[in-house]
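Here's the structure, in structure tokens; my notes come after.
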Amino acid sequence: AAAPPLLEVNNIEVVYSEVILVLRGLSLSVPKGSIVALLGANGAGKSTTLKAISGLLKTEEGSVTRGEVRFDGERLNGIDPHQIVRKGIFQVMEGRRIISDMTCVENLRLGAFTRSDPGVRRDIDMVFEYFPRLRERTGLAGYLSGGEQQMLAIGRALMARPRLILMDEPSMGLSPLLVQEVFGIIRKLNRDLGITILLVEQNARMALSVASYGYIMEQGKVVLDGEAAALAENEDVKEFYLGGH
Ligand code: ATP
């Protein structure tokens, strides 16, 4: 039998400030251990979907007004973002959001805010094994390059020991070479650590190359979904999301 989904989003509707309807019956499912891509044009509602799952929607006056989010069978609607991190979901925000006047190690410790176990120090070393360059950068994180900041943001997520990472546009602002490197790491985290990943991307080609399944959103709904390899060969997807090649 197929593995049960780790994350299930069932027919959710999301509004901002009680008036602006942004998600209009969105459903998706993320199997345990998989990488799933969520694609779509600017403004389709991809970031909103991630925030509806992580609880961060609340911080922007947004709310889920219909439908439900389930993680490992448990309903998450209305639960505070901190509690959701404790349950094993960590969102890596768009634009990285690292603390620029703290060091790498201090930023990494922030990711472990839910933990009091003695493994934190060891996990900082583990993050440095994934991102050796960060170990050498002992100054303030604000001086890191864009790629290094993205790596630090992913490293900070790892510090929470998540079961599911919600990744919002990890390729944003990075050179093609760094995009390759960051996606290589995403694949590795999934393979080595078994972390399930829901990946939002503008770079559809890259996202479909690491994902096993993909969803395409338009105006707050899923308009197409399927195996990543099939989507990459789909004529409409090629024309609208893969630059016609
Ligand atoms: P992008 O790639 O540009 O981030 P997206 O697919 O992630 O696009 P969202 O950021 O989820 O889309 O935005 C979806 C819609 O919701 C947009 O029309 C946006 O203007 C609106 N929106 C997003 N955040 C808020 C907010 N805090 N208050 C009101 N409207 C918002």
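Just follow the structure's listing: the first ligand is 1, and inside any ligand the first atom is 1. Because the structure is predicted, anything quoted here is derived from the model rather than measured.
Legend: residues meeting side chain to side chain contact (heavy atoms under 4.5 Å, CB included) with Glu68, ordered by chain and number and at least two apart, are Asn10, Arg70, Arg75, Asn77. With sequence neighbours left out, Asp101 forms a side-chain hydrogen bond (donor to acceptor under 3.5 Å, both in side chains) with no residue at all.
Around ligand 1, the residues contributing at least one heavy atom under 4.0 Å from the ligand are Tyr16, Ile20, Val22, Ala41, Asn42, Gly43, Ala44, Gly45, Lys46, Ser47, Thr48, Glu60, Glu94, Glu169, Gln202.
Other residues, nucleotides and ligands place more than 12 heavy atoms under 6.0 Å from the CZ atom of Arg24. Annotation: Glu61, atom CD; neighbour count of heavy atoms from other residues, nucleotides and ligands within 6.0 Å does not exceed 12.
Applying the ring-ring contact (aromatic ring centres under 6.0 Å, His included) rule to pairs touching residues 103-135 yields His82-Phe113, sequence neighbours excluded.
Between Asn42 and Gln202, some side-chain heavy-atom pair lies under the 4.5 Å cut-off.
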